[in-house]
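Input: a single structure, listed below in structure tokens.
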Amino acid sequence: MKTLLSLAWASAWNRRLSLALAALSIALAVTLLLSVTRAREAAQTQFAQSAAGVDLVVGPRGSPVQLLLHAVFHLGDASHTLAWKSYQTLAADPLIAWSLPLSLGDSHRGFPVLGSTPEFFRHLGDGQQQGLAFADGQPFAGLFEVVIGAEVAARLGYQTGRQITLQHGSSHLDAHHHDDDAAHPEHADKPFRIVGVLAPTGTPVDRTLIVSLPALEAIHLDWQGGMPTPGLSIPADAANKFDLTPKHLNAVLIGLHQRTDVFRVQRQINAFGGEPLMAILPGLAMDELWQLMGSVERTLHGLAWLVMAAGLAGLVAVIVAGLGERRRELAILRSVGAGRRHIVGLLVLEGALVTVAGTALGVMVVETAGHLLAPWLRARLGLDLSGATLSMEALRILAVVLATGLAASLLPAWRASRMALADGLLPRL
Amino acid sequence: MVSPMAPAIHIRDLRFAWPGQTAPCLTLPALDVDQGEQVFIQGESGAGKSTLLNLIGGVLLPREGRVQILDQALDALSAPARDRFRVDHIGFIFQQFNLLPYLSALDNVLLPCRFSATRAQRAGPRPVEAARRLLDALEVDGSDAARPANTLSVGQQQRVAAARALIGRPALILADEPTSALDPRRQDAFITLLGKEVAAHGSSLVLVSHDPRLASRFDRCIAL
């Protein structure tokens, strides 16, 4: 074995250029496979953290996935609402530790504006810790104050103290191209002051602007049917004189004293007498949503495996093509006692060497790149790779790659042993 | 173990044909080589020299007849056992390109010891020393021994091949046109040196060539 390994190594070194190229193509494939896997895992973790700490999401009865999109990702037009009175009844349940009323509908340069209470910052978190950390400033206290997520601040270059106005209606256009505001009239008469910037969390909160529920009422006082009411204008400083208690909400996030009560509370809410409501477990709905997005990931994975197949085919081609020139070498080995199993072993070892080298190189590239790009990915995509090491799935992929590499090198090994047997000690050159 | 009196080669009524061919490409009624004997086999190209070497080496098996090396019938052995028997008892020297180009001359000489425990054991407690001694005796000096085989001259390569055939004292050395890549003056020197070392090791030598001029140095000459 040791003899064969040193022979295989010396022989491979003798043909290092072509074998290095084969190893490189395997390294590329491994890099691709591991990157896709790692990005998927990071995204999934992040995704799961989007509703960390929330036990139930409550909304008007309808599609759970849609409710999740509104309540957790602040996406989509929330046309259905639940009454403020229903929320008050729910929140009074002694099993419920905390509840966050949510109201959506407005936006700012493509980012959603969320109305809630200051408790929002206490109860949501990034999965590691409860509560949202502030990079600067503090929660809103006054009526026309807004707290912005980390990505909003970074993309728009906002800091605390700056005045901004909200647009009516949600907008999914990218912030960079959002100059066409005609479709979305502005609440220009009631500007907001940025009082806080949140630290990055990797959750949808990063892309959100958060104001108080009364503030959303206030900016819509003189509006009707989605447009400013003609001839009616209530100045900002007069808004306080009105009753700013919201009448409708889009969703409620609920935390329980005891997580074990979750099904009991869910049943209660689903059977709520006042209006048809629905309570969902965010984890379950998240899984459902993730399934929807899974096909993209599967496609990427499939492509990565195709690249791997191409890499291994290249390896086999390189070795098989080299066999013609190695007939003399194999005959010499036969004359000094190498049997069929030695020839097979030699060729399989060569394939294994190249596969292992390529795989190791690929792992190194992924690890190094992951390390170097982690801050950028976190800032840019909110993808947290810093803590990621080789996961079980990555290890399984590596095992499959190595096994396939070994299996693939059986083909040249089989050819070589046949050739060596047919040639005998004196190949015709 | 091999009995000291067993003939190195014992062939009777040998007929060999390649698969699919009806006419035999080699027929040999009898060939006997005693241990320690040096025999010259002369044959034109196409006379079946290579086939005979492959038959003696157990790489090919006879269609008819008997091939016994040191009293062992080769077709009675399994393929792996034939591979082992070959390296244990036979050293080969070919026309040219004898060496693995990516190994040093010394490592090339040591190859049989790596595949055969018998050869390694007979080479002594330190096969590397034995290999150095052999290279020295065959006039390949120490600095050349460390060089990659493909940087040596053809003459040096043939002498390294001879050292490899001799290491671990196999009973039989088979040489196939070992001098045809050398110029006439060196041919003579090589044959002399080879004969001397083979005799010193107590091995038998069978040298196959088309060139009758080499015959004078051998105990016996056979025309194929």
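Letters go in sequence order (proteins before strands), and every chain restarts at 1. Being a predicted model, the structure only gives us computed values, none of them experimental.
The line from CG of B/L100 to CG of A/L7 is 7.0 Å long, rounded to the nearest 0.5 Å. To the nearest 0.5 Å, atoms CG (A/L333) and CG (B/L111) are separated by 6.5 Å. Note that the CG atom of B/N150 and the CG atom of A/N14 stand 7.0 Å from one another [nearest 0.5 Å].
Residue A/R16 places its CZ atom among more than 12 non-hydrogen atoms of other residues, nucleotides or ligands, all under 6.0 Å distant. Atom CZ of A/R341 has 12 or fewer heavy atoms from other residues, nucleotides or ligands within 6.0 Å. Surrounding CZ of B/R63 are more than 12 heavy atoms belonging to other residues, nucleotides or ligands, all under 6.0 Å away. No more than 12 heavy-atom neighbours from other residues, nucleotides or ligands sit within 6.0 angstrom of CD on B/Q121.
Across all non-hydrogen atoms, the minimal contact from B/F92 to A/S335 is CD1-O, 3.6 Å.
Contact annotation for B/D176: only side-chain heavy atoms (C-beta onward) come within less than 4.5 Å of a heavy atom of chain A. Neither the backbone nor the side chain of B/L174 comes within less than 4.5 Å of any heavy atom of chain A. Only the side chain of B/R164 comes within less than 4.5 Å of a heavy atom of chain A; its backbone N, CA, C and O stay farther away. For B/P101, the part lying near chain A is the side chain, with the backbone staying farther off; criterion is any non-hydrogen pair under 4.5 Å. Only the side chain of B/L103 comes within contact range of chain A, with heavy atoms under 4.5 Å apart.
Using modelled atom types, one side-chain atom of B/R86 and one backbone atom of A/R334 make a donor-acceptor pair closer than 3.5 Å.
Between chain B and the residues A/H342, A/R15, A/R340, the most heavy-atom pairs under 4.5 angstrom are made by A/H342.
A/V336 pairs in a side-chain contact (heavy atoms from CB on, under 4.5 Å) with only one of the listed residues (B/P112, B/S116, B/C113), which is B/P112.
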